[in-house]
S.K.: 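Dropping a structure here in structure tokens format, bear with me for questions.
Reminder, nothing fancy here: chain letters follow the sequence lines and each chain counts from 1. Computed from a prediction, not measured in an experiment: that's the story for all the values here.
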Amino acid sequence: QQQVKQSPQSLIVQKGGIPIINCAYENTAFDYFPWYQQFPGKGPALLIAIRPDVSEKKEGRFTISFNKSAKQFSLHIMDSQPGDSATYFCAASRETGANNLFFGTGTRLTVIP
Amino acid sequence: DSGVTQTPKHLITATGQRVTLRCSPRSGDLSVYWYQQSLDQGLQFLIQYYNGEERAKGNILERFSAQQFPDLHSELNLSSLELGDSALYFCASSVDSGPYEQYFGPGTRLTVT
């Protein structure tokens, strides 16, 4: 059972566009939501993370929007560049008990020059 | 560079064999997580160690085991290998055991022939 559902599976945008990747979860015990970026042959790299006490967090060109009542969160990439072409994973973890990450299935983003 | 190191980078072995994957966490991190990434299962949590003790188990097969040593490096042992064990194995570390940032190593690509 997939604890974090991610969409779309793939996404193609023009340079300068704003790709949006969406994730949803069911387990209300989740309270930490990071996004990871992975290039081929590399490990996932932490991009940005949010906790449920805020509805939005920005770091550079990356923004997380969080809707606690809907149990959804999304990643927006402003002014996307060809170098942003990678696979993006959302994830979630609990504060208590096991703190491992539950990952979404990933979104392969291609930014066309 | 996340500061997490993993060896070897690639491993090719035959069915039925046993291998050991090694991980050194970032300096100061006490918690180590092991994840498996495969095309059909995505990124799946295997096991977590915190300061030398097992903290949580995920979808780890009985043929697999891990440990964390006093110097905090960790090893993942995979035995009686099957074709389906071919995957990328990632180690991640975090400063403590909790919903903190997890930093991933570059991974070990295991191919079982």
S.K.: Hydrophobic clustering (ILVMFWY, side-chain heavy atoms < 4.5 Å, transitive) - are A:Val111 and A:Leu11 grouped together?
M.R.: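 Same cluster: A:Leu11 reaches A:Val111 through Ile, Leu, Val, Met, Phe, Trp or Tyr contacts under 4.5 Å.
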S.K.: Give, for atom CG of B:Asn59 and atom CG of A:Asn100, the distance between the pair rounded to the nearest 0.5 Å.
M.R.: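 Taking CG in B:Asn59 and CG in A:Asn100, the distance rounds to 9.0 Å.
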S.K.: More than 12 foreign heavy atoms under 6.0 Å from CZ of B:Arg109: is that the case here?
M.R.: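 No, not enclosed.
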S.K.: In terms of heavy-atom proximity below 4.5 Å to chain B, should A:Phe30 be classed as side chain, backbone, both, or neither?
M.R.: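 Neither part.
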S.K.: A:Ile20 and A:Tyr88: same hydrophobic cluster, using ILVMFWY side-chain contacts below 4.5 Å?
M.R.: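 No, no single cluster joins them.
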S.K.: Heavy-atom cut-off 4.5 Å, strictly under: side chain, backbone, both or neither for B:Gln6 against chain A?
M.R.: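 The answer is neither part of B:Gln6.
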S.K.: When rounded to the nearest 0.5 angstrom, what is the spacing between OH in A:Tyr32 and CD in B:Glu101?
M.R.: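 Taking OH in A:Tyr32 and CD in B:Glu101, the distance rounds to 4.0 Å.
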S.K.: Report which part of A:Pro34 has an atom under 4.5 Å of a heavy atom belonging to chain B: side chain, backbone, both, or neither.
M.R.: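 Nothing of A:Pro34, per the 4.5 Å heavy-atom cut-off to chain B.
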S.K.: Is there a side-chain contact (heavy atoms from CB on, under 4.5 Å) between A:Phe102 and B:Gln44? Walk through the geometry before answering.
M.R.: CA-CA 7 Å; A:Phe102 292 89; B:Gln44 298 280 325; over 6 Å; no
S.K.: Treating B:Tyr35 as the side-chain partner and A:Leu101 as the backbone partner, does any N or O pair qualify as donor plus acceptor under 3.5 Å?
M.R.: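 Pair found, side chain donor or acceptor close to backbone of A:Leu101.
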S.K.: Starting from the C-alpha separation in whole Å, work towards a yes-or-no answer on ring-ring contact (aromatic ring centres under 6.0 Å, His included) for B:Phe45 and A:Phe103.
M.R.: CA-CA 9 Å; B:Phe45 167 68; A:Phe103 282 90; over 10 Å; no
S.K.: Following the transitive rule for hydrophobic clusters with a side-chain heavy-atom cut-off under 4.5 Å over Ile, Leu, Val, Met, Phe, Trp and Tyr, establish whether A:Phe66 and A:Tyr36 coincide in one cluster.
M.R.: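 In one cluster with A:Phe66: A:Tyr36, no.
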S.K.: Quick check: is B:Tyr33 connected to B:Leu61 through a chain of hydrophobic side chains (ILVMFWY, heavy atoms under 4.5 Å apart)?
M.R.: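 As far as the 4.5 Å side-chain criterion goes, B:Tyr33 and B:Leu61 are not connected within one cluster.
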S.K.: In terms of hydrophobic clustering (I, L, V, M, F, W, Y; side-chain heavy atoms under 4.5 Å; direct or indirect links), are B:Phe64 and B:Leu88 co-clustered?
M.R.: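 B:Phe64 and B:Leu88: separate clusters.
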S.K.: Please say whether more than 12 non-hydrogen atoms of neighbouring residues, nucleotides or ligands are located less than 6.0 Å from CZ in A:Arg61.
M.R.: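 Result for CZ/A:Arg61: enclosed.
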S.K.: Counting only heavy atoms closer than 4.5 Å, note whether B:Lys9 contacts chain A via side chain, backbone, both or neither.
M.R.: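 Contact with chain A is through the side chain of B:Lys9 alone.
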S.K.: Please classify the contact of B:Tyr50 with chain A as side chain, backbone, both or neither, using a heavy-atom distance under 4.5 Å.
M.R.: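 Neither part.
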S.K.: Step by step, work out the side-chain contact (heavy atoms from CB on, under 4.5 Å) result for A:Leu46 and B:Gln102.
M.R.: CA-CA 7 Å; A:Leu46 180 62; B:Gln102 291 184 28; over 6 Å; no
S.K.: Taking all heavy atoms of A:Lys42 and all of B:Phe90, pick out the closest pair and write down the distance.
M.R.: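 For A:Lys42 versus B:Phe90, the nearest heavy atoms are O-CZ, 3.8 Å.
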S.K.: May I ask you to check whether over 12 heavy atoms, not counting those of B:Leu83, lie within 6.0 Å of atom CG?
M.R.: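 Yes, enclosed.
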